[in-house]
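None of the values given here were measured: they were computed from a predicted structure. Here is how names work: the chains are called A, B, and so on, in the same order as the sequence lines, proteins then strands, and each is numbered from 1.
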Protein chains: 2
Amino acid sequence: MIGCENSKKSYSDSNKEKCLSDDVINLDQGDPTAFQEYWMKKKDRCTVVIPAWDLMSYFSDTTNVCWFLEPELEKAIKALHGAIGNAATEERYIVVGTGSSQLCQAALFALSSLSKVKPVSIVVAVPYYSTYVEEASYVQSSLYKWEGDARTFDNKGPYIELVTSPNNPDGTMREPVVNRREDGKVIHDFAYYWPHYTPITRRQDHDLMLFTFSKITGHAGSRIGWALVKDIEVAKKMVHYLTINSIGVSKESQTRATTILNELTKTCRTQSESFFEYGYEKMKSRWERLREVVESGDAFTLPNYPQAFCNFFGKTISTSPAFAWLGYKEERDLGSLLKEKKVLTRGGDRCGCDRKYVRVSMLSRDDDFDVFIHRLATIKDLKCNQP
Amino acid sequence: MIGCENSKKSYSDSNKEKCLSDDVINLDQGDPTAFQEYWMKKKDRCTVVIPAWDLMSYFSDTTNVCWFLEPELEKAIKALHGAIGNAATEERYIVVGTGSSQLCQAALFALSSLSKVKPVSIVVAVPYYSTYVEEASYVQSSLYKWEGDARTFDNKGPYIELVTSPNNPDGTMREPVVNRREDGKVIHDFAYYWPHYTPITRRQDHDLMLFTFSKITGHAGSRIGWALVKDIEVAKKMVHYLTINSIGVSKESQTRATTILNELTKTCRTQSESFFEYGYEKMKSRWERLREVVESGDAFTLPNYPQAFCNFFGKTISTSPAFAWLGYKEERDLGSLLKEKKVLTRGGDRCGCDRKYVRVSMLSRDDDFDVFIHRLATIKDLKCNQP
């Protein structure tokens, strides 16, 4: 089932109009609005109520290294990782951030501040999350320096490798590639290491792991992320960064994240209620529709992902990444081609790669996703040698 | 009326215990918990209720330069400034931040990025808000460089002067001191330019003005600040910083700030309900108690503030800053002396000044303030020449 024609029954009126009209569809950012329908069905169940006198102080727990982390959020994070089995939380410090972007910068600050030699090189294997380039370079820090592709990196001296697994933009499982233990540090970004996107094959157990609320449940507006950090000195330096950068993190968002993460944990083993069951089916269905369009023509490519046994679901499942890494079979700027069809995507060049690739968000609202599939279908049979 | 003995009727049991015990009282940070009692009395009036499906997107208004600013918050900010008359909002861009600390850094980034010559010198007249030093130096940016006291600054080239008025830590009204118009930019921090702290003598109308929710109503935990920015290029660069730094600002906090700011505006002319009437009386009463202790001995000094006509209250009022800039009459480390009495304050040296001064938060809870006054009274008669 592809395109508008075959799925009209599920369309809202606004969607019908979009199919007929030529609205711009923005799949550049990964705004995870796909999951809103799940939360609509919860009705009042995870509603938060905050009276005016509550959550007024800067401080959440002055005895915690991360003094602005709400204790209930800490418990909720540990409980969820325990229930899903995707990451170890024992003997680790939890540092909360205004999204994982702020935490990534806190980690770059912490690791480079603790390095004897500065600036520390920052590397990531291509294709990489384009925002890493900006995060590592915009303030022109003397502590660290963006050095690009980890695979071609051969500078001497200390370095930090960012490893996103599953990877943004291409959905592959990643390991560090530089592996010079004596002077290398690794930041593991596990934003997408959740069972609706990828099989949970092991309990991750690294020194510095980042997670974000946005990409689990779709609550991007809350700007909540967390780091699991083994070394107390690194955790302290990260907290130092967050203290100067924003004097902590919104308590309202922490409260809401607590409520919603607790709901995930509570319902994760009840098939009819589980967010992860819902999310897995939703992502799988979208990927099937996308692959059907791509495979029915000869213009586009998509990565193939091996199936694997998921410890959480207890069965072998497929991978359905949050982004599609769509390629064009000949040398052509695919982003421009899609832009002509009024579909905005992120060009592969921004990810350190070729413009024949684009990153397409798979987390848009249903109506935008449907329009995307419809428009892609109209160009899938283009001859590759067309101008 | 000073100390515990004379005001026991208003004490909670925990406070009685604190007077008898020797708990450490932390008046170092300016945690504005003093105002919680006002919000307790509101009961459910400003309670926010957020269902799980709401506020999920990164985006608030894609047509706004500040695309992550909730339109209702923008309206609430404009309405409040209009009602109080403390700042012009016309022909300005509003940029929301995770507290005004993040906005200050966004402003340093924006103004220095737009400067032809880098690094840009950052200066502030002493005594200054100690966090400015950290904000201007922690990431070791090549865009700007902390140069300390504005009064002794004589470097050539571009500079940014931070002007906090009323000033943190000493409560004085401030103007820029460098005044080299050809290559200088000014960031006006008006965190405390509200009628419960100081007479509103004019409607401020500068290029770049910062405000924070924390110090108006006491909602520090929300981490909401805003900038009023004249130049669209500066506003865009600030938004660029905030986009990379944290991909915007918590929607939950923006929603709560909207509700509470609207309540301030709605009730500001009803004497029995107005937060500013309440806040003014509270701060005035605390300052009277503090001055009574200080003036009854010969050890301490406090700044004197001229009375002035407040356009908001329509009468001549006194100044009651959020911090007391307490001095010792002889050369001695006042912070250490108070620490012996288990009162934590911020040393004057951190504000670019002498250790004979300390910054004391006047915004603590009642019980902590009472204990502070009590302990200060026990040392006010110390001979200055004691070791």
Side-chain angles (χ1 to χ4, degrees), chain A residues 26 29 31-33 35-37 39-40 42-53 55-60 97-99 101-102 105 109 118 131 134-135 138-143 214 218-224 240-241 244-253 255-256 259-260 263, chain B residues 29 31-33 35-37 39-40 42-53 55-60 62 97-99 101-102 105 109 118 131 134-135 138-143 214 218-224 240-241 244-253 255-256 259-260 263:
Chain A
N26 188 346
Q29 287 86 14
D31 201 27
T33 44
F35 305 135
Q36 192 183 31
E37 60 179 9
W39 298 107
M40 299 274 285
K42 289 274 171 188
K43 294 183 179 164
D44 292 340
R45 184 145 165 180
C46 297
T47 296
V48 294
V49 178
I50 308 172
W53 52 264
L55 307 175
M56 292 185 71
S57 172
Y58 290 106
F59 301 99
S60 295
T98 309
S101 294
Q102 194 190 31
Q105 292 163 71
F109 171 82
K118 299 176 186 79
T131 303
E134 296 166 313
E135 288 180 17
Y138 75 132
V139 291
Q140 299 183 27
S141 173
S142 308
L143 297 171
S214 308
H219 290 87
S222 304
R223 313 307 313 119
I224 290 289
H240 181 63
Y241 178 93
I244 302 172
N245 193 225
S246 59
I247 321 186
V249 175
S250 160
K251 307 295 185 216
E252 291 87 344
S253 290
T255 298
R256 190 155 178 244
T259 301
I260 288 170
E263 178 73 5
Chain B
Q29 287 86 15
D31 201 27
T33 44
F35 305 134
Q36 192 184 30
E37 61 179 9
W39 298 107
M40 300 272 291
K42 288 275 171 187
K43 294 185 178 162
D44 292 341
R45 183 144 165 181
C46 297
T47 296
V48 294
V49 178
I50 308 173
W53 52 264
L55 307 175
M56 292 185 70
S57 173
Y58 289 106
F59 301 99
S60 295
T62 53
T98 309
S101 294
Q102 194 190 32
Q105 292 164 71
F109 171 82
K118 300 177 185 77
T131 303
E134 295 167 312
E135 288 179 17
Y138 75 132
V139 292
Q140 299 183 28
S141 173
S142 308
L143 297 171
S214 309
H219 290 87
S222 304
R223 314 306 313 117
I224 290 290
H240 181 64
Y241 178 94
I244 302 173
N245 194 225
S246 59
I247 321 185
V249 176
S250 160
K251 307 294 185 218
E252 291 87 344
S253 290
T255 298
R256 190 155 178 244
T259 301
I260 288 170
E263 178 73 5

Counting heavy-atom pairs closer than 4.5 Å to chain B, which one of [options] comes out on top?
options                  : result
I224(A), V49(A), I244(A) : I244(A)
Q140(A), M56(A), Q36(A)  : M56(A)
I247(A), T131(A), L55(A) : I247(A)
S142(A), G218(A), S57(A) : S57(A)
D31(A), V139(A), T98(A)  : D31(A)

Under a 4.5 Å heavy-atom cut-off, does chain A meet the side chain of [X], its backbone, both or neither?
X       : answer
Q105(B) : side chain
F109(B) : side chain
T33(B)  : side chain

For D44(A), is it the side chain, the backbone, both or neither that has a heavy atom under 4.5 Å from a heavy atom of chain B?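 Contact with chain B is absent: no heavy atom of D44(A) under 4.5 Å.
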Please report the interatomic distance OH(Y241(A)) to CD(E134(B)), rounded to the nearest 0.5 Å.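 Output value for this atom pair is 14.0 Å.
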In terms of heavy-atom pairs under 4.5 Å, which option from [options] contacts chain A the most?
options                            : answer
A220(B), G97(B), G221(B)           : G221(B)
E263(B), Q29(B), K42(B), M40(B)    : M40(B)
K43(B), R256(B), H240(B), K118(B)  : R256(B)
L143(B), T259(B), I260(B), T255(B) : L143(B)
S141(B), P32(B), S214(B)           : S141(B)
S60(B), C46(B), G99(B)             : C46(B)

Closest approach of A52(A) to H219(B) (non-hydrogen atoms, all atoms of both residues):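 That closest heavy-atom pairing would be O-NE2, 2.7 Å.
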Can you name the closest pair of heavy atoms from R223(A) and S250(B) and give their distance?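 Taking every non-hydrogen atom into account, CG-N, 3.7 Å.
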Quick check: do [X] and [Y] have side-chain heavy atoms less than 4.5 Å from each other?
X       : Y       : result
S101(A) : E135(A) : yes
E37(A)  : W53(B)  : no
Q102(B) : S246(B) : yes

K251(B) side-chain N/O to S253(A) backbone N/O, donor-acceptor pair under 3.5 Å: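 Side chain of K251(B) to backbone of S253(A): no pair is present.
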